[in-house]
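First up is the structure itself, then whatever we jot down about it.
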Amino acid sequence: MQTPCARTEPLQSGSVTLCVMPHPYRYTAELANEIELRWQASWEEQQAYRQPNPGQAGFDATRPRYYVLDMFPYPSGAGLHVGHPEGYTATDILARYKRMRGFNVLHPMGWDAYGLPAEQYAIQTGVHPAITTRRAIDTFRRQLKRFGFSYDWSREFGTIDDDYYRWTQWIFLRIYNAWFDTRKDKARPITELVEEAENGHLGIGAEGELVWIDVDESAAPPAGVRLWDELDGDTRRAFINDQRLAYVGEPVVNWCPKLGTALANEEVIDGRSERGGHPVIRKPLKQWLFRITAYADRLLAGLESVDWPESTRIQQTEWIGRSEGADIDFKLTDGDAFLRVYTTRPDTVFGATFMVVAPEHPVLQDVEREEVRAYIDAAKGRSEVERMETKKKTGVDSGLTAINPATGETIPIWVADYVLMGYGHGAIMAVPGGDERDHEFAQQYDLPIVTVVLHPDGSAPEGCYPGEGIAVRSCGSSVSLDGLETPDAKRRIIDWLEETGAGRGKVNTRLRDWLFSRQRYWGEPFPIVWDEDGRHHAVGEDTLPVRPPEMEDFHPAESDDPRPLLAKARDWVQTTAGAAGVADLAADAAVTRETNTMPGWAGSCWYYLRYADPHNDERFVGEEAERYWTGGHGVDLYIGGAEHAVLHLLYARFWHMALYDLGFVSSPEPFGKLFHQGMITSHAYQRPDKSLVPIDQVEKRNEVEEQDDRYIETATGGEVKQIVAKMSKSLKNVINPDDIIEEYGADTFRLYEMYMGALADSKPWNTRDTSGMFRFLQRVWRLAVDEETGETRSKRTGLPRHSPEGRRRDGDACETNDAVERALHRAIAKTGADIEKLHFNTGIAAMIEFVNAAGKHHVTAEQLDRFVRILAPFAPHIAEELWHRLGHEDSVVGTTWPEFDESLLVDTTVDVAVQIMGKVRAHIQVAHDTDKKTLEATALAHERIQELIDGKTVRKVIVVPGRLVNIVAS
RNA sequence: GGUCGUGUAGCCCAACGGCAGAGGCAACCGUCUCAGAAACGGUUCAGUGCAGGUUCGAAUCCUGCCACGACUACCA
């Protein structure tokens, strides 16, 4: 956008450079930038968006609350891209609108700042991640402020702030000091577990598991169950540690040698790390885990109670992957041991002709066969990605055999890596007649295939049939399923399994306990120390936070042998029980700090709670603030990307539920309403072979008039196709928001992003289209301000609009201006309703309609007042400027949303279509409230309709008042 | 392969089962200019991806295909 005098290129003749300034007070980019910066400074100075908490000065308890939250960003060195402000603008509009509607609005912003990318960037550049992260935060903050978002910046914090992660560690300790009571289906403090045990309400089973004892029965505890007072200290301790919601396990993890860390399943995509795309191998490792699986049913049930996108609820449901089936024990032919499997189709046990175990399965420990050892070693060294690259299934016969408890037959046990150690028991009964994978494997290795389920109609299936049907060939010495339909067969076989002790019904989930340790530097240290006997202890709460050690070198030792980075900080690792605040050890006892760190997700699990009371140093959030802002149903509206559908949103729900159970928060779910904004894409070009071409290597040609544009790749001259593609550096199609703001201003940017399309849809960025929004703001400006003089002078009266006299006369002059008034009421109604529905694009269109209509008539200052107020949530800077130019002293931020009159929303006369058999044949002009009977009569009386139905019988007439009349005649 | 979503004018997008158009971009024609740009005024442009079905009436609901996108992927 050029400003006056900007275009001063010398004329070709070399004559004098002319500078024409036709509209010195037009709304230009320069003016927009000037206005925006001025008001941003003013708002900041006035603390216009500061929202007091209950109990604080200025808090109005009579107002309802509205907590509208953005997913906070992970600040990268590259700064904001155009995707960030999309959701932020949406929430800003809502926040501003709700304030005008009389709500106390909590609208905060902060920084998700711990995590791998910052550390990797630090490794590349040699600069400490604390420094690069602070820099990135400063850039993000500066950029966000330039959009004029109405955040209460006094509540800002980063997850790396001492007084934030202090509480992250504190919450970890709450979870560490809790266990899950399956009877009450909730978490309780560990102290209550000990109480229950001391009171004899529970005992410890043969495998160390918790066994409830019904005291009313006054019967002896079940065989093999030991009571608390029979146990020594170590056993008690081990039992307690086994029950903790945060516990130490040694699972097979996704080890990424390149990153030098273990990753959660969710961070591994196609066998590669989500960050960086490095190969990942499987290896057992001692790790901290969260018992999120205990919450599987509640995480599922809670999804019913929240207003979330259906697709996200489905994704979480599938991620949790609850299934019902049975555990079945197959006795090994040698020795007394059993091989336990989980199956969802216990009814097909008669068709289990072999078994398969994962290469990591312990049953293979003593197998010495050379090809088995070789297969296990090969599988170990293969990353997930390599395992998947070979589409064909592989495996070897272990030489072990087991007895099928249903048929009594001896069947072989194979090893194959299509069976995963991490699900079920790492072993399956293979039913090649009913499972595609087993079928493929059986064919490949020539193993027997038996059909044990017929189609529901009784016909025999060909090949593999995984569906339900009628059991057949399923008759053993003590149980028969023959003739039963699948659900009945399942019930019968589970009963039989339980009677004979060969198995039991079982609910399983795909969800596994959450691996919470990382072997990295840039994360929250665990508030845990280890004593010389290898036992872990919580550090004293008054010693929090446990700060990360000062370190110079955070290069990972790229290795297959995991060693946490923090172990290198010897002085930090070695401490005493006294210094760490561990009460149950002698103060001078040597202890070592836990050297793992928490994953990037930790900080984002509870940040929405901290915003409610960010400076509280007594508690992670004050009780009253928590109850006011998140009590009941949690955050009122949470907007962010759909890519967090299962990770962040599941983890945060888990933390929240644990805190809820322990009485620290007052809502069962953290986010009452969730919305995902769509992705903003860009353009790129595609060769016929589908490869992509960066936009700077293509030119547009239009050789023939009246024909579509063609795109030619400059280097080859070949024709390419314009397509929609993600923004990426390599395609050179990334849009920088700073550039757009410079060219048009933040108000135009905000309007354009909201106008591009529905918030939830993905849509391509078209810089060219931004000028439409800019012109709209220019027209708005012109409604109030004279472009020649810069004055807000009424064209009708010639008096300044901000003067009382001018306003009065202005109003008098326009009392008859019905069209503008009606257009304004429509705009107020439509825009308000659309904001509530997050339909910002159509809301803006309603304002454009008003401005287009108003431009043709005279608008009074009072009408402009109202219009400026509905514009204010969308384009706050220009609205504030005009508001003041219209003579107001206060800020438009503190005004109310204008009222509208329902009766002015419809025109007095409407055009009603008359259809015959659904085809429009005529139009009639009637009063908008004409009743059905009159409409029907008027339509039938229409001359043209008369002609068309002449000689036909009118069978039916459908009348939709105010819209149409449809005549069914033949 | 599975799940979810989206296909409407040259482009971006609207349309409680009721006359396919709210709006923006582009194009074209005017106004203003010595001229151009900007701005302003106006005009053109589709029968809704394809094939069926339900209905007085379908872009909208149902079924099956096609294209694109997101997510997910040997979960027994």
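Sequence lines set the chain letters: A, B, ... in the order given, protein chains first and strands last, and positions in each chain run from 1.
Between E787(A) atom CD and A38(B) atom P the separation is 15 Å, expressed in whole Å. Separating the NZ atom of K393(A) from the C1' atom of C74(B) is a distance of 5 Å, rounded to the nearest angstrom. Across the protein-nucleic acid pair, E318(A) atom CD and A70(B) atom C1' stand 14 Å apart, rounded to whole Å. Look at CH2 on W414(A): it is 22 Å from P on C74(B), rounded to the nearest Å. Atom CH2 in W765(A) sits about 15 Å away from atom P in C25(B), given to the nearest Å. Between the CD1 atom of I328(A) and the P atom of A76(B) there is a distance of 14 Å, given to the nearest Å. Remark: P of G41(B) and CZ of R775(A) are 11 Å apart, rounded to the nearest angstrom. Distance, K763(A) NZ to C68(B) C1': 17 Å, rounded to whole Å.
Contact between the side-chain N/O atoms of K726(A) and the OP1/OP2 oxygens of A70(B) is found at a separation under 4.0 Å. Residue R921(A) places none of its side-chain N or O atoms closer than 4.0 Å to OP1 or OP2 of C19(B). In terms of phosphate contacts, S323(A) brings a side-chain nitrogen or oxygen within less than 4.0 Å of OP1 or OP2 of A76(B). Note on N841(A): a side-chain N or O is less than 4.0 Å away from OP1 or OP2 of A14(B).
Interface remark: the D911(A) side chain does form a donor-acceptor pair with the C19(B) base, using a distance-only criterion of under 3.5 Å. Judged by distance alone, with hydrogens and angles left aside, N966(A) brings a side-chain donor or acceptor within reach of the base of C56(B), the pair sitting under 3.5 Å. For G23(B), its base sits under 3.5 Å from the side chain of Y755(A) at one donor and acceptor pair at least.
Base pairing of G1(B) is made with U72(B), judged by Watson-Crick or G-U wobble geometry with both donor-acceptor distances under 3.5 Å. Within the shown strands, A27(B) is the pairing partner of U43(B) under the Watson-Crick or G-U definition, both distances less than 3.5 Å.
With rounding to the nearest 0.5 angstrom, the OG1 atom of T842(A) is 11.0 Å from the CD1 atom of I848(A). Atoms OG1 and CE, from T681(A) and M756(A) in turn, are 7.0 Å apart once rounded to the nearest 0.5 Å.
At the heavy-atom level, R955(A) lies nowhere under 4.0 Å from the strands shown. Residue contacts shown for G757(A) are limited to sugar-phosphate atoms, with no base heavy atom under 4.0 Å away. A758(A) comes within contact range of the sugar-phosphate backbone alone, with a heavy-atom separation under 4.0 Å but no base atom that close. Among the heavy atoms of the strands lying under 4.0 Å from I958(A) is at least one base atom, whether or not backbone atoms are also near.
The listed nucleotides are C71(B), A26(B), C56(B); the one nearest the side chain of K956(A) is C56(B). Picking from A39(B), G23(B), C25(B) the nucleotide with the shortest atom distance to the side chain of R768(A) gives C25(B). Nearest nucleotide to the N766(A) side chain, out of C11(B), U3(B), A76(B): C11(B). Closest to the I428(A) side chain, of the nucleotides G23(B), C71(B), A76(B), is A76(B). For S771(A), the side-chain atoms get nearest to C25(B) when compared with the rest of C25(B), A38(B), A76(B). Closest to the V419(A) side chain, of the nucleotides A76(B), G23(B), C25(B), is A76(B).
Relative ring orientation between Y418(A) and F441(A) is described as tilted, the plane-to-plane angle lying within the 30° to 60° band.
Remark: the separation of the P atoms in A26(B) and C11(B) is 15 Å, to the nearest Å. The P atoms of A35(B) and G23(B) are separated by 32 Å, rounded to the nearest whole Å. When the P atom is used for both A37(B) and C29(B), the distance is 11 Å, rounded to whole Å. Between the P atoms of C71(B) and C65(B), the separation comes to 24 Å (whole Å). Comparing A70(B) with C13(B), their P atoms are spaced 15 Å from each other, to the whole Å.
Using a 4.0 Å cut-off between a side-chain N of Lys or Arg and a carboxylate O of Asp or Glu, K490(A) and D347(A) do not qualify as a salt bridge.
If Y342(A) and R963(A) are placed on RNA chain B by their nearest nucleotide, the residue sitting closer to the 5' end is R963(A). Heavy-atom nearest nucleotides on RNA chain B were determined for G422(A) and for A846(A), and the one closer to the 5' end corresponds to A846(A).
Proximity of the aromatic rings of W781(A) and F774(A) is defined here by a centroid distance below 6.0 angstrom, and this criterion is not met.
In this structure, G47(B) shows a glycosidic angle within 90 degrees of zero, which is the syn conformation.
The heavy-atom pair separating L777(A) from I878(A) by the smallest distance is O-CD1, 3.8 Å.
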